[in-house]
Chemist: 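I'd like to ask you about the structure that follows.
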Amino acid sequence: MSRWTDLPGKASGEDYAARFATLADSGKDVHGEARFCAALVPAGGRVLDAGCGTGRVMIRLAELGYDCVGVDLDASMLAVARKQSPGLPWFQHDLAEFEPALLGIAGDFDLIVAAGNIFPLLAPGTVSVVVERLSAALRPGGLLVAGFGLDEAHLPVPPNLSLPDYDDCCAAAGLTLVQRFATWDADPYDSGGYAVSVHRR
């Protein structure tokens, strides 16, 4: 379970995908997360999209030449991802129980990306568990990249995760903060309500 599961009036996978399709049709750039990740790891690297949703980020990374795996808890989101790119590996799975071998896949990812407020939407009390499981799935030197809101203006739920608390979870899982930005366009972080954090194993 997660805070996302209990979110009242949350969009279905089809609605969520339609919103981004409309943005793309209007000329908006909807691939900032993928571009950010591609600047960190060379093409050909193994990427886990943790909380992949409808697959927007992962599909773009696959198009750029990355070896990608997507994991999400929401069946309606994954249905859209599988429809849009049936050849990619999509798994319905709880990140708090994530273990690559159980899904029949290898670990040792070069990069794990958690976009879309994944960590604040986890079930209460599971952030440290999820960070530990994701860290264990990284190769030595691999990167965990997470972007999430820190206040009500950037979240669909009341905020419950601060950056110091997130950093503490990462440190306990053997991860070191490398860089932090305010956006997926790599704008400098200025203590605002949204942060993109890069930690290294």
Side-chain angles (χ1 to χ4, degrees), residues 3-4 16 19-20 22-24 26-66 68 70 95 109-122 126-128 130-135 137-201:
R3 298 177 85 194
W4 169 258
Y16 192 80
R19 178 161 67 88
F20 278 95
T22 298
L23 288 172
S26 71
K28 299 284 186 181
D29 176 18
V30 296
H31 295 303
E33 300 98 328
R35 185 172 59 251
F36 183 96
C37 292
L40 297 174
V41 176
R46 297 191 67 241
V47 175
L48 172 68
D49 191 345
C52 61
T54 59
R56 175 177 54 86
V57 176
M58 177 169 147
I59 291 170
R60 180 58 179 160
L61 284 170
E63 290 172 346
L64 294 173
Y66 292 86
C68 299
L95 290 175
F109 288 97
D110 297 295
L111 184 145
I112 296 176
V113 57
N117 289 319
I118 299 305
F119 284 106
L121 289 171
L122 292 173
T126 64
V127 172
S128 61
V130 171
V131 171
E132 183 176 341
R133 289 188 175 272
L134 295 181
S135 176
L138 284 168
R139 67 165 177 79
L143 301 174
L144 173 62
V145 180
F148 56 85
L150 302 163
D151 58 22
E152 292 185 1
H154 296 87
L155 288 168
V157 294
N160 70 343
L161 180 63
S162 69
L163 287 177
D165 287 343
Y166 177 66
D167 287 342
D168 286 346
C169 290
C170 288
L175 299 167
T176 303
L177 180 65
V178 177
Q179 291 176 301
R180 177 162 285 142
F181 302 96
T183 68
W184 291 100
D185 289 324
D187 295 317
Y189 182 68
D190 57 0
S191 300
Y194 190 89
V196 179
S197 305
V198 181
H199 287 79
R200 187 185 306 276
R201 182 181 175 194

Chemist: Hey, can you pull the donor-acceptor pairs under 3.5 Å for the side chains in residues 57-64, sequence neighbours left out?
Modeler:
{"from": "R60", "atom 1": "NH1", "to": "E63", "atom 2": "OE1", "distance (Å)": "3.3"}

Chemist: Does any pair with a residue in residues 149-177 pass ring-ring contact (aromatic ring centres under 6.0 Å, His included), and if so which ones, sequence neighbours excluded?
Modeler: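 Qualifying pairs, neighbours excluded: F119-Y166, F148-Y166, Y166-H199.
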
Chemist: Could you state the interatomic distance from CD1 (I112) to CG (L95), rounded to the nearest 0.5 Å?
Modeler: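 I112 atom CD1 to L95 atom CG measures 9.5 Å (nearest 0.5 Å).
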
Chemist: Just how far is it from atom CG of L150 to atom CG of L161, taken to the nearest 0.5 Å?
Modeler: 7.5 Å

Chemist: What are the two closest non-hydrogen atoms of L155 and G149, and how far apart are they?
Modeler: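 Taking every non-hydrogen atom into account, CD1-O, 3.5 Å.
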
Chemist: Considering residues at least two apart in sequence or located in another chain, which fulfil the side chain to side chain contact (heavy atoms under 4.5 Å, CB included) criterion with T183?
Modeler: D185, D187

Chemist: Would you indicate whether the side-chain heavy atoms of V47 and C37 approach each other to under 4.5 Å?
Modeler: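 SC-SC contact between C37 and V47 ruled out.
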
Chemist: Taking only residues two or more places apart in sequence or in another chain, which ones pass salt bridge (charged side-chain N to carboxylate O under 4.0 Å, His left out) with R200?
Modeler: none

Chemist: The criterion is salt bridge (charged side-chain N to carboxylate O under 4.0 Å, His left out); which residues satisfy it with R201, sequence neighbours excluded?
Modeler: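 For R201, no residue satisfies salt bridge (charged side-chain N to carboxylate O under 4.0 Å, His left out) once neighbours in sequence are set aside.
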
Chemist: For S135, give me all partners under side-chain hydrogen bond (donor to acceptor under 3.5 Å, both in side chains), at least two apart in sequence or on another chain.
Modeler: none

Chemist: Test of understanding: with salt bridge (charged side-chain N to carboxylate O under 4.0 Å, His left out), list the residues that count as partners of D168, not counting sequence neighbours.
Modeler: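 Expected list: none.
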
Chemist: For D110, which residues count as a side-chain hydrogen bond (donor to acceptor under 3.5 Å, both in side chains) partner, sequence neighbours excluded?
Modeler: R139

Chemist: Return the OG1 to CG distance between T176 and L144, rounded to the nearest 0.5 Å.
Modeler: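 Going from OG1 on T176 over to CG on L144, the span is 11.5 Å.
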
Chemist: Can you list the residues that meet the side chain to side chain contact (heavy atoms under 4.5 Å, CB included) rule with A115, with sequence neighbours excluded?
Modeler: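 E33, V113, W184.
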
Chemist: Please enumerate all residues that pass ring-ring contact (aromatic ring centres under 6.0 Å, His included) together with F181, with sequence neighbours excluded.
Modeler: F36

Chemist: Where is the tightest heavy-atom contact between A182 and P188, given as atom of each residue plus distance?
Modeler: CB-O, 3.3 Å

Chemist: Without swapping roles, check the side chain of Y189 against the backbone of S197 for a donor-acceptor pair under 3.5 Å.
Modeler: no

Chemist: Shortest non-hydrogen contact from P120 to V157?
Modeler: O-CG2, 4.3 Å

Chemist: Got a sec, which residues hit side-chain hydrogen bond (donor to acceptor under 3.5 Å, both in side chains) with S191, two or more places apart in sequence or on another chain?
Modeler: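 Checked S191 against side-chain hydrogen bond (donor to acceptor under 3.5 Å, both in side chains); zero matches.
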
Chemist: From Y66 OH over to L48 CG, what is the distance, rounded to the nearest 0.5 angstrom?
Modeler: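 Rounded to the nearest 0.5 Å, the OH-CG separation comes to 15.0 Å.
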
Chemist: Would you mind listing every salt bridge (Lys or Arg N to Asp or Glu O under 4.0 Å) that reaches into residues 36-54, with sequence neighbours excluded?
Modeler: R46-D67

Chemist: Which heavy atom of L138 sits nearest a heavy atom of L143, and at what distance?
Modeler: CD2-O, 3.4 Å

